[in-house]
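For reference, the structure I am asking about is given below.
A note on names: the letters A, B, ... follow the listed sequences, proteins ahead of strands, and every chain is numbered from 1.
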Amino acid sequence: MTEPHKLIHRDLPDHQPVAGGIAARARATAVPQYLSALNPEQREAVETLDGPVLVLAGAGTGKTRVLTSRIAHILSQGRARPGEILSVTFTNKAAREMKMRLGQMLGQAVEGMPWLGTFHSIGGRILRTHAELVQLKSNFTVLDVDDQIRLLKQLLQAENIDDKRWPARMLAGLIDGWKNRGLTPSQVPSGEAAVFANGTGGKLYASYQERLKVLNAADFGDLLLENIRLFREHPDVLRQYQHRFKYILVDEYQDTNVAQYLWLRLLSQTASSPAAIAPRDAVQDHVPQTQPSASPPKNICCVGDDDQSIYGWRGAEVDNILRFEHDFPGAKVIRLERNYRSTGHILAAASHLIAHNEGRLGKTLRTEDEDGEKVTVTGAWDSEEEARAIGEEIEQLQRAGNNLNEIAILVRASFQMREFEDRFVTLGLSYRVIGGPRFYERAEIRDALAYLRVINSAADDLAFERIVNVPKRGLGDATVQLLHDHARKRRIPLSEAARAVVETDELKPKARGSLRALLDNFARWSTQRETMPHTELAEMVLDESGYTEMWQKDRSADAAGRLENLKELIRSMEEFENLQGFLEHISLVMDRDGGPDEEAVSLMTLHSAKGLEFDNVFLPGWEEGLFPHQRALDEQGRAGLEEERRLAHVGITRARRRAKLYFATNRRIHGSWSTTVPSRFLDELPAHNVEITESKGGSGWGGTSGYGPSRFDNLESFGSRYTTPGWQRAQANRTRGGFNEAGTAYGGGTSRSKRAPLTIEGELIAKSTGTTSDFSIDDRVFHQKFGYGRIVKVDGNKLSIVFDKAGEKKVVDSFVERV
DNA sequence: GCCCTAGCGCTTTTT
DNA sequence: GCGCTAGGGC
């Protein structure tokens, strides 16, 4: 490992924006700029370098700034060299951002921070260095969830377990959970191991781990768990890393799971003596401990916010942060409570809401900003009206000069997005969905990667199986089964078995020829790999295998996007030196690409909004059952409710200037319409900071149930007077019959509610007319989202189109092209 | 080997 | 009410 030492002593150019010449200034008596820019608490968090430190950083209090400044401080004080600082984050995005900001502070020091990365990438890196000690080779494959499931399915089949009753997915979930808790197969409590398939769960976990070793593969959980095992079984290796890392920094500590906690704890012990940290009962029950002793723990600094812990369901232990002082005796706890993001009303609303949680360390966010606009709560008749109202407000904001990039809609569950998408398409409002399937999880990307994996390692059975019949080449289940039998009998990889089988007459001539052609291709590609740049190779493989052609021939609406993704994949390979290097990193660091930065409203789940901020935030769907989600309540009880409340807190604190909450009285749940009750979280907001705005629903809601009366049962009692223009329009419209002029219901054309929509359609259409469309009735058109269709009505630039798949929709003409 | 249909389940998601 | 999956029929 190279550890460029020069960073600290190098003369930095004067034009460096933030910290031109940190080192020089630090040596001088003057306070360096990166410190003087901090408030007292932040500064304390940066300057407290010795011993364990917990920084409780509320939303918008400058968490990342503290982390990066702290690194800068350690370096400029000469306390450690860049290679001696371990700095872990959860996501690649967070790691990238830290690198970027450090780069701004320190010049080109980023390359000098070799141990700044995600838990998994750092764990994976350590594991590759010592792979042989955990029965792997250094070029081991990191399996994604898909591979994992496929492997488990094979194991279930081998054990003759009915995978209807005991789905592989469920087992994958269990194993994942065990790994999150740092449990190897032998450490799983027998009671838990027995819950799957009449007691075989533990055994399956063990044989899964064995199979992984045979395949020279690790799953995500292993990157940490095998690391822990490595450290436990080889104290000399552990000591090496303990010695190396003089400082440890952890981002988003509230999201760490038990495995990550154990990993950190092992690394944070002083190299000279064993554990200095108090034992942890919960963990101790299952995990053999290194005995505690009395020497001081290392300089570990964890930054997090217990009020933003929203990943309990995937193994995060809020307890880790709640018990920090207990786990790391002598820890200094520093609270950052000055919020630099939101206005007074927003902050007050969020603080008051989160104060209803019991299991928290307690912080009070404050701001010096003005009160600003009150948080608004709006009731709508149903989800469609909710989308319509939000669409209208967004258009108003847009007219008032707000940038669409500063507007976000945050939903609890992704099914809520659809209604907004439909609405925005109708309005011709550009939007982008954040989150969703990640780039490398897309089928086409994984297929392409599978080809490359087989070229890289002929023993990669999972990859081989994935693409053996993609595109279709007549090698179906029967053929694959035959290959499996061969491979198992002779204990060889599938591709090798295939090579043997094509020399026999066990396969029908057609399949045999097809398989031979594939194998010949792979043989040729492997040879060409030596002489050809890897990007070119990849392109060629996709062409010659017929994979590209498969999508070119595909007529479905997203085929073009898939081809685009494949191009993007090849582009992204350029950053790596060779195929091996690319594949090693792909599963860990590949992120979805930013894409073009057109101005657009952001649409995402509350979970994916963590860490982001917007001037205007819309929060629809605040209803019992949806938010808080019924399942969270059913499965986790009070803990579930508190996590939901933290989610609500995260949602509100994303807003800088406007937070707008909505609830609908009627919502479609699992297909059928039900009446819903406003969320209890609305009742928990401080009346003083909240304003009930226009409510178009008027009738039909009410009905308390579940948790007692809500002041939203009767909006008038809360100050709403139904005098807003929208309300009056809706009233007027309703007496006229309420249907839009086309007579068709919105959002589908086919069956829809018995109830007439309340909004005035005329206004909408008037807005978008002005230009006349050059489309006419019966034109055949294509739409990115809805596919092919036929125009049935033209109204200015607004078209009514009956789509082959999506039914009738109204669309602005610029969104379609003639075919 | 491929295509059609019945049946199920349906919160959040990173690595 | 919709979309995915598995299994059966051709």
Side-chain angles (χ1 to χ4, degrees), chain A residues 88-95 117-124 142-145 148-149 153 162-164 167-169 173 176 179-180 218-225 252 255-257 259-260 309-316 410-418 434-441 443 469 472-481 507-508 510-511 514 585-592 604-611 621 625-636 640 643-644 646-647 650-651 668-673 747-748 750-753 805-807:
Chain A
V88 280
T89 62
F90 271 83
T91 64
N92 293 305
K93 199 174 149 205
T118 63
F119 277 101
H120 290 86
S121 65
I122 289 172
V142 179
L143 296 190
D144 60 34
V145 186
Q148 213 179 326
I149 304 256
K153 253 183 202 159
D162 176 14
D163 71 348
K164 260 271 166 55
R169 205 160 272 287
D176 227 46
K179 288 187 173 177
N180 281 340
D219 64 18
F220 282 120
D222 282 345
L223 296 182
L224 283 160
L225 187 60
E252 306 277 20
D255 286 338
T256 49
N257 60 35
Q260 285 154 343
S309 160
I310 55 176
Y311 284 111
W313 50 275
R314 65 175 198 215
L410 312 182
V411 296
R412 176 60 182 79
S414 42
F415 74 84
Q416 290 172 264
M417 291 187 191
R418 219 177 124 169
I434 315 270
R438 307 183 72 259
F439 185 75
Y440 75 90
E441 281 168 4
N469 200 30
K472 296 246 183 328
R473 43 174 80 90
L475 303 171
D477 289 350
T479 310
V480 173
Q481 199 51 55
L507 285 171
K508 294 203 183 99
K510 209 174 146 224
S514 185
H585 283 90
I586 187 73
S587 51
L588 291 180
V589 255
M590 188 79 183
D591 252 337
R592 85 200 270 83
M604 70 191 95
T605 63
L606 286 159
H607 282 91
S608 34
K610 195 167 86 160
L626 178 58
F627 194 34
H629 200 279
Q630 194 55 48
R631 215 157 140 175
L633 303 181
D634 290 346
E635 287 169 14
Q636 305 290 328
E643 182 152 318
E644 294 286 296
R646 290 193 289 269
L647 201 49
V650 166
R668 200 168 216 153
I669 298 165
H670 300 331
S672 49
W673 286 93
T750 48
S751 70
R752 265 256 25 242
S753 73
K805 298 229 169 80

Tell me: CG of A:Leu410 to P of B:dT11, nearest whole Å?
-> 20 Å
Aro-ring/base stack A:His670-B:dC10, d under 5.5 Å, angle under 30° =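 Taking the rule of under 5.5 Å and under 30°, the ring of A:His670 does stack on B:dC10.
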Check every strand shown and say whether A:Gly474 touches a base, only sugar-phosphate, or nothing at a heavy-atom separation below 4.0 Å.
->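 Sugar-phosphate contact only.
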For C:dC4 versus B:dT11, give the span between their P atoms, rounded off to a whole number of Å.
-> 15 Å
Among the nucleotides B:dG1, B:dT12, B:dT15, which one has an atom lying closest to any side-chain atom of A:His607?
->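 The nucleotide sitting nearest to the side chain is B:dT12.
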A:Leu223 side chain reached by A:Phe119 side chain, heavy atoms, under 4.5 Å |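 Answer no - side chains too far apart.
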From OH of A:Tyr311 across to P of B:dT14 the rounded distance in Å is 6 Å
Whole-angstrom distance between B:dT12 and C:dG3, as gauged at atom P |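 Result for the P pair: 16 Å, nearest Å.
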From the options B:dC2, B:dG1, B:dT13, select the nucleotide whose nearest atom is closest to the side chain of A:Asn469.
-> B:dC2
Given A:His607 and A:Trp313, is the ring-ring contact (aromatic ring centres under 6.0 Å, His included) satisfied, shown in steps?
-> CA-CA 12 Å; A:His607 282 91; A:Trp313 50 275; 5.7 Å; yes
Kindly compute the distance separating CD (A:Glu644) from CD (A:Gln630), expressed to the nearest 0.5 Å.
-> 10.0 Å
Would you tell me if any nitrogen or oxygen in the side chain of A:Lys472 comes within less than 4.0 Å of OP1 or OP2 on B:dC3?
->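 No, no such contact exists.
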Just by distance, do the side chain of A:Glu252 and the backbone of A:Thr89 share a donor-acceptor pair under 3.5 Å?
->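 Not at all, since once roles are kept as given, no pair shorter than 3.5 Å links the two residues.
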Along DNA chain B (nearest heavy atom to each residue), the more 5'-positioned of A:Gln636 and A:Leu475 = A:Leu475
Rounded to the nearest Å, what distance is computed from the CZ atom of residue A:Arg412 to the P atom of nucleotide B:dT13?
-> 9 Å
Distance in angstrom units between A:Ile149 CD1 and C:dC4 P, rounded =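 Between P of C:dC4 and CD1 of A:Ile149: 16 Å.
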Can you tell me how far P of C:dG1 sits from CZ of A:Phe415, to the nearest Å?
-> 15 Å
Side-chain N or O of A:Asn92 closer than 4.0 Å to phosphate OP1/OP2 of B:dT14 |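 For B:dT14, OP1/OP2 do not have a side-chain N/O of A:Asn92 under 4.0 Å.
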For the side chain of A:Trp313, starting at C-beta, report the closest nucleotide among B:dT12, B:dG1, B:dT11.
->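 The nucleotide sitting nearest to the side chain is B:dT12.
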Listed nucleotide nearest any side-chain atom of A:Ala632, set C:dG3, B:dT15, B:dT11 =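 The listed nucleotide nearest to A:Ala632's side chain is B:dT11.
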Compare side-chain N and O positions of A:Ser672 against OP1 and OP2 of C:dG1 and report whether any pair is under 4.0 Å apart.
->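 For C:dG1, neither OP1 nor OP2 has a side-chain N or O of A:Ser672 closer than 4.0 Å.
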Remember a base hit wins even if backbone is also touched, and classify A:Glu644 as base, sugar-phosphate or nothing at under 4.0 Å, heavy atoms.
-> base
Nearest-nucleotide pick for A:Ala413, side chain only, options being B:dT15, C:dG1, B:dT11 = B:dT11
Contact under 4.0 Å: A:Thr118 side-chain N or O vs B:dT14 OP1/OP2 | no
Measure from NE2 on A:His629 to P on B:dC10 and round the result to the nearest Å.
-> 11 Å
Phosphate-side-chain proximity, A:Arg631 and B:dC10, N/O vs OP1/OP2 below 4.0 Å |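 Answer yes for this pair, as a side-chain N or O of A:Arg631 is under 4.0 Å from OP1 or OP2.
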Between atom CG in A:Asp219 and atom P in B:dT15, what is the gap in whole Å?
-> 16 Å
Working for salt bridge (Lys or Arg N to Asp or Glu O under 4.0 Å), residues A:Lys179 and A:Asp219 | CA-CA 10 Å; A:Lys179 288 187 173 177; A:Asp219 64 18; 2.7 Å; yes
Within the pair A:Thr605 and B:dT13, is there a side-chain N or O less than 4.0 Å away from OP1 or OP2?
-> yes
side-chain contact (heavy atoms from CB on, under 4.5 Å) with A:Gln260: which of A:Leu224, A:Val88, A:Asp255?
->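 Among A:Leu224, A:Val88, A:Asp255, the one that satisfies the side-chain contact (heavy atoms from CB on, under 4.5 Å) with A:Gln260 is A:Leu224.
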What nucleotide among B:dT15, B:dG1, C:dG3 has an atom nearest to a side-chain atom of A:Phe220?
-> B:dT15
For the pair made of CZ in A:Arg169 and P in C:dA6, what is the distance, rounded to whole Å?
-> 9 Å
